[in-house]
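We name chains A, B, ... by the order of the sequence lines, and we start the count at 1 in each one. Computed from a predicted model, the values in this text were never measured in an experiment. When reading the values below, keep in mind they use all heavy atoms of this one structure, side chains included, and skip hydrogens, waters and symmetry mates.
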There are 2 protein chains.
Amino acid sequence: MDLLAVVAAAHEISMRAEDRIGPLLALHRLTPPTAHALWSIDPSEPPPSMKLMADRLYCNAPNLTFLVNQLVDRGLVTRATDPSDRRSRVLTLTSRGREVREELVSTMLQVTPFAVLDPSELSQLAALLTRVTDASAG
Amino acid sequence: MDLLAVVAAAHEISMRAEDRIGPLLALHRLTPPTAHALWSIDPSEPPPSMKLMADRLYCNAPNLTFLVNQLVDRGLVTRATDPSDRRSRVLTLTSRGREVREELVSTMLQVTPFAVLDPSELSQLAALLTRVTDASAG
DNA sequence: AGCACATCCTTCGAGTCTCGAAGCATCGCT
DNA sequence: AGCGATGCTTCGAGACTCGAAGGATGTGCT
């Protein structure tokens with residue numbers, strides 16, 4: 001059955017990538033969860049709310065509060081009250097946050113096991129994975 | 001660039017799968033790390049040592065000791081001294097461990113986002129991922 | 001306006017995970 | 001026998017995850 005092989009291989013690739021990015025994370029006192037949170041704040045988009053981030057990271061509210069505190073403590077993110085809904089807090093990267101995020105992304109593109117694929121294979125793979133994420137939306 | 005899209009999509013798929021398997025894990029008082037450890041003990045192969053498991057899971061020795069303790073506490077795994085090297089401990093699934101592992105694998109095959117692909121797409125994807133894991137071995 | 005209810009976030013406590021440093025037992029080698 | 005290497009465990013500190021509970025703000029209803 002190919003499905004089992006695909007699930008196992010995908011997991012293996014994730015673990016390998018996480019292992020290889022580890023040293024860079026340690027350098028910035030980050031961990032996989034905090035790095036993922038940082039990654040998920042795109043500076044070219046409007047600042048996301050805590051709620052939106054929790055949905056993106058598939059985590060609950062207390063957990064997200066904790067992760068954001070870690071990023072704030074490390075000077076990478078700032079919290080602000082959303083003027084249009086004062087219950088909501090929006091997250092903005094500091095200049096250092098933007099730098100670290102950029103370093104994270106560019107390093108990941110170098111060390112990810114997917115980097116061994118050539119452009120044609122990558123394009124095939126991107127098409128398949130896009131189909132998966134679109135079709136299983138939720 | 002397709003590479004970034006591939007990395008992001010792969011991560012998204014993993015998170016989604018983990019989210020969907022969560023309820024089953026909770027039922028057995030498992031978590032993603034302990035479930036992954038359980039998954040990595042194939043009952044049809046010779047019992048792995050702690051060392052081998054640590055390599056498979058990309059984790060260090062103290063961490064693996066902790067995870068295995070969790071599985072032992074939950075009655076899923078037993079530890080035994082390897083007669084051929086008395087420093088080494090080998091891990092064997094209990095009958096309950098085999099049941100839970102089987103349930104885990106079969107449920108994952110149902111809920112994984114990859115399940116939306118048809119056989120031809122799956123076979124294509126399996127070929128690409130196998131190439132990635134083989135080419136980036138380490 | 002006032003009240004009920006929902007939503008967004010935070011705090012707290014308990015359990016889990018991760019890792020470096022240190023230590024113990026055993027193995028392989030000389 | 002002695003010595004360094006290897007496999008595992010213990011310990012302590014920091015990080016992560018979640019349910020329960022609570023405070024603040026928005027929404028809808030009368």
To the nearest Å, how far apart are [X] [atom1] and [N] [atom2]?
{"X": "B:Leu30", "N": "D:dC18", "atom1": "CG", "atom2": "P", "result": "14 Å"}
{"X": "A:His28", "N": "D:dA15", "atom1": "NE2", "atom2": "C1'", "result": "18 Å"}
{"X": "B:Tyr58", "N": "C:dT18", "atom1": "OH", "atom2": "P", "result": "15 Å"}
{"X": "A:Leu91", "N": "C:dT10", "atom1": "CG", "atom2": "C1'", "result": "14 Å"}
{"X": "B:Asn60", "N": "C:dA22", "atom1": "CG", "atom2": "P", "result": "16 Å"}
{"X": "B:His36", "N": "C:dT18", "atom1": "NE2", "atom2": "C1'", "result": "16 Å"}
{"X": "A:Leu64", "N": "D:dT17", "atom1": "CG", "atom2": "P", "result": "10 Å"}
{"X": "A:Phe66", "N": "C:dC12", "atom1": "CZ", "atom2": "P", "result": "14 Å"}

Is the shortest side-chain N/O distance from [X] to OP1 or OP2 of [N] below 4.0 Å?
{"X": "A:Arg87", "N": "C:dC8", "answer": "no"}
{"X": "B:Arg74", "N": "C:dT16", "answer": "yes"}
{"X": "B:Ser88", "N": "D:dC8", "answer": "yes"}

Consider the side chain of [X], meaning its heavy atoms from C-beta on, and name the nucleotide among [options] that approaches it most closely.
{"X": "B:Lys51", "options": "D:dG7, D:dT9, D:dT17", "result": "D:dG7"}
{"X": "A:Asp85", "options": "D:dC18, D:dT25, D:dA15", "result": "D:dT25"}
{"X": "A:Ala61", "options": "D:dT10, C:dC9, D:dT17", "result": "C:dC9"}
{"X": "A:Arg86", "options": "D:dT9, D:dT25, C:dC9", "result": "D:dT25"}

Give me the atom names and distance for the closest heavy-atom approach of [X] to [Y].
{"X": "B:Pro83", "Y": "B:Arg86", "result": "O-CG, 4.3 Å"}
{"X": "B:Leu67", "Y": "B:Pro33", "result": "CD2-CB, 3.9 Å"}
{"X": "B:Leu93", "Y": "B:Arg101", "result": "CD1-CD, 3.8 Å"}

Worksheet item: Stepwise, does the side-chain contact (heavy atoms from CB on, under 4.5 Å) test hold for A:Leu128 with B:Leu128?
Response: CA-CA 10 Å; A:Leu128 283 167; B:Leu128 285 167; 4.1 Å; yes
Item to complete: Apply the side chain to side chain contact (heavy atoms under 4.5 Å, CB included) test between A:Met108 and each candidate in A:Leu104, A:Thr112, A:Val105; give the one that qualifies.
Response: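 Option passing the side chain to side chain contact (heavy atoms under 4.5 Å, CB included) with A:Met108: A:Thr112.
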Fill in: DNA chain D contacts among residues 10-27 of chain A, heavy-atom distance under 4.0 Å
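Per residue number, the list is empty: none.
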Fill in: 5' priority, DNA chain D, between A:Arg29 and A:Cys59 [closest heavy atom]
A:Arg29
Worksheet entry | Upstream residue (5' side of DNA chain D) when A:Pro32 and A:Pro62 are each assigned their closest nucleotide | A:Pro32
Worksheet entry | CA sep, side-chain torsions, deciding dist, call: B:Tyr58, A:Arg20, side-chain contact (heavy atoms from CB on, under 4.5 Å) | CA-CA 10 Å; B:Tyr58 296 89; A:Arg20 292 180 185 172; over 6 Å; no
Worksheet item: Can A:Leu125 and B:Asp2 be said to form a side-chain contact (heavy atoms from CB on, under 4.5 Å), step by step?
Response: CA-CA 9 Å; A:Leu125 184 53; B:Asp2 283 332; over 6 Å; no
